Amino acid sequence: MKEKKILLTGAAGFIGFHLCRKILECGHTVIGIDILNNYYDPKLKEDRLSLILPETNFHFHKCDITDISEMTKIFAKERPEIIIHLAAQAGVRYSLENPFAYEHSNGAGFLTMIELSRRFDVENFLYASSSSVYGIGNKVPYSVSDPVEKPISFYAATKRANELTAHVYHHLYGLPVTGFRFFTVYGPWGRPDMAYYKFVKAIIEGKAITVYNQGNMKRDFTYVDDIVAGLYTAIDKPFPYQIFNLGNHRSENLLDMIQIIEDLLGQKAIINWEPMQPGDVYETYADIQKTQEILNFRPTTNLREGLEKFVQWYLEYNK
């Protein structure tokens with residue numbers, strides 16, 4: 001791929017940070033956008049950012065993606081060729097508490113980015129969707145050809161709305177748009193609100209962890225480097241309109257994940273059992289056949305390997 005100028009939102013976020021490093025290593029220029037909000041401790045975002053700010057090909061702008069005036073100035077100054085839109089308000093359970101944060105970031109923020117991409121005639125628009133859009137009633141593994149008309153959280157509804165908006169912009173304006181439905185991404189520099197992060201922290205500190213539905217839940221845990229590899233492959237492939245699953249194609253029991261963490265730490269978990277939470281689904285499981293065939297996507301990291309790398313990072317970061 002020849003050198004590109006890539007604007008990436010959520011640059012200080014978990015996936016965004018890892019993707020920035022990959023893109024920079026491959027010789028491209030990255031215009032990073034992030035508001036560094038306090039959904040979780042901004043220090044973690046600042047620490048991620050500190051590792052890429054010294055890169056000469058990294059241009060950072062602290063900006064709210066819903067501020068169309070400021071974002072227009074950034075587009076006009078930087079003239080990006082490709083947009084990777086990862087910035088969003090994350091978390092299923094938090095969407096029950098603060099739905100307006102999701103409408104703001106995931107609704108207005110997405111519209112700002114895709115509208116400016118149209119105005120500035122970008123070559124390719126890639127964006128993050130979520131496995132949450134599958135909701136209830138679908139068979140497993142989840143295929144991108146499955147109906148996604150029954151989301152059960154407001155977070156999922158906003159991500160499905162992003163997919164529909166992307167389709168409109170492709171249909172009306174010919175904008176090449178590609179969405180990625182992420183499946184439970186984990187790894188070093190991860191988000192503290194994710195279960196695996198909470199479990200490691202609590203077990204080390206001798207505190208109880210909360211496990212829902214008696215642990216009778218399964219997730220397609222996907223290591224962050226595998227997600228980044230899938231995203232990077234699509235940067236120079238401006239599909240007219242596509243959606244891909246990015247998952248590990250393996251559904252793992254939550255209790256098995258806890259067992260692995262206990263083994264890695266040499267400590268047993270103290271568990272508080274709670275009922276299934278509103279908005280949660282029993283199982284996620286990605287059918288990645290289409291992603292394999294079109295993007296040659298091949299996840300290589302199993303759960304134990306990925307958790308071992310996370311634990312090593314966590315202990316080093318918090319020493």
Side-chain angles (χ1 to χ4, degrees), residues 1-65 67 70-71 73-75 77-90 105 109 112-113 116-117 122-128 180 182 185-194 197 222-236 246 301 306 309-319:
M1 188 195 324
K2 72 172 187 176
E3 183 180 344
K4 293 288 184 181
K5 203 169 191 183
I6 300 167
L7 187 150
L8 192 153
T9 68
F14 171 37
I15 299 172
F17 158 70
H18 284 280
L19 185 56
C20 275
R21 293 213 291 189
K22 170 71 172 179
I23 294 170
L24 290 166
E25 285 170 4
C26 292
H28 306 287
T29 295
V30 176
I31 303 106
I33 310 292
D34 207 296
I35 190 60
L36 302 172
N37 70 16
N38 62 357
Y39 170 63
Y40 57 84
D41 189 353
K43 184 180 184 302
L44 180 56
K45 301 175 186 181
E46 291 163 0
D47 288 344
R48 293 179 188 132
L49 200 56
S50 70
L51 297 180
I52 49 178
L53 276 173
E55 298 286 343
T56 55
N57 283 355
F58 182 67
H59 310 161
F60 181 69
H61 300 268
K62 185 178 180 181
C63 185
D64 187 334
I65 57 170
D67 188 338
E70 285 303 308
M71 287 304 304
K73 292 175 185 176
I74 293 170
F75 268 73
K77 176 184 178 182
E78 300 283 4
R79 296 287 171 170
E81 299 165 277
I82 294 168
I83 307 302
I84 305 177
H85 178 49
L86 303 183
Q89 178 57 60
S105 294
T112 297
M113 293 306 302
L116 288 175
S117 297
V122 302
E123 297 174 10
N124 200 7
F125 182 89
L126 296 82
Y127 66 95
F180 296 90
F182 297 154
V185 189
Y186 73 102
W189 295 97
R191 287 185 5 229
D193 63 317
M194 295 293 286
Y197 197 119
T222 316
Y223 190 65
V224 65
D225 287 358
D226 291 327
I227 291 284
V228 165
L231 284 167
Y232 185 79
T233 302
I235 288 174
D236 67 337
L246 286 184
T301 310
K309 291 176 182 178
F310 171 75
V311 168
Q312 289 172 348
W313 167 81
Y314 183 91
L315 294 173
E316 177 66 22
Y317 182 71
N318 291 283
K319 69 180 180 181

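Because the structure is predicted, anything quoted here is derived from the model rather than measured.
- Smallest separation of non-hydrogen atoms from G187 and Y223: CA-CE1, 3.9 Å.
- Contact of the F58 side chain with the L49 side chain is registered, since non-hydrogen atoms from C-beta on lie closer than 4.5 Å.
- Side chain of N124 to main chain of I235: a donor-acceptor pair is present (N/O by atom type, distance under 3.5 Å, no hydrogens or angles).
- T222 places none of its side-chain heavy atoms less than 4.5 Å from the side chain of L246.
- Counting only distance, with no hydrogens or angles, the side chain of D34 and the backbone of A12 share a donor-acceptor pair below 3.5 Å.
- A heavy-atom distance below 4.5 Å is found between the side chains of R21 and L51.
- Counting all heavy atoms, side chain and backbone alike, F182 lies closest to A128 at CE1-CB, 3.5 Å.
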Go through the steps to decide whether M113 and F75 satisfy the test side chain to side chain contact (heavy atoms under 4.5 Å, CB included), and finish with yes or no. CA-CA 10 Å; M113 293 306 302; F75 268 73; 3.9 Å; yes
Pair E25-K22, salt bridge (Lys or Arg N to Asp or Glu O under 4.0 Å): steps then yes or no: CA-CA 5 Å; E25 285 170 4; K22 170 71 172 179; 5.7 Å; no
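- You'll find the ring centres of Y197 and Y314 inside the 6.0 Å limit.
- In this structure the side chain of L8 reaches within 4.5 angstrom of the side chain of V30, judged on heavy atoms.
- Here ring pair (Phe, Tyr, Trp, His ring centres under 6.0 Å) pairs that include residues 21-56, with residues two or more places apart or in two chains, are Y39-Y94.
- One N or O on the side chain of K5 and one on the backbone of E78 form a donor-acceptor pair closer than 3.5 Å.
- Inter-residue side-chain proximity for L231 and I15 is flagged as met; some heavy-atom pair is nearer than 4.5 Å.
- Judged by distance alone, the side chain of K45 and the main-chain N or O of N37 form a donor-acceptor pair under 3.5 Å.
- In this view, K77 satisfies the side-chain hydrogen bond (donor to acceptor under 3.5 Å, both in side chains) rule with no residue, not counting sequence neighbours.
- Residue K62 comes nearest to I35 through the heavy atom pair CE-O, 3.4 Å, listed as atom of the first residue, atom of the second, then distance.
- For I52 against C20, the heavy-atom pair with the smallest separation is CD1-CB, 3.9 Å.
- Shown here for L24 and N57, the closest heavy-atom pair between the two residues is CD2-O, 3.6 Å.
- Among all heavy-atom pairs drawn from R191 and F14, the shortest one is CG-CB, 4.1 Å.
- Under the rule for a side-chain hydrogen bond (donor to acceptor under 3.5 Å, both in side chains), the partners of K43 that lie at least two apart in sequence or sit in another chain are D47.
- By the side-chain hydrogen bond (donor to acceptor under 3.5 Å, both in side chains) test, T9 pairs with H85, sequence neighbours left out.
- For E316, the side-chain hydrogen bond (donor to acceptor under 3.5 Å, both in side chains) partners are K319, not counting sequence neighbours.
- M71 places none of its side-chain heavy atoms less than 4.5 Å from the side chain of K73.
- The side-chain contact (heavy atoms from CB on, under 4.5 Å) search around A234 returns L126, F180, L295, not counting sequence neighbours.
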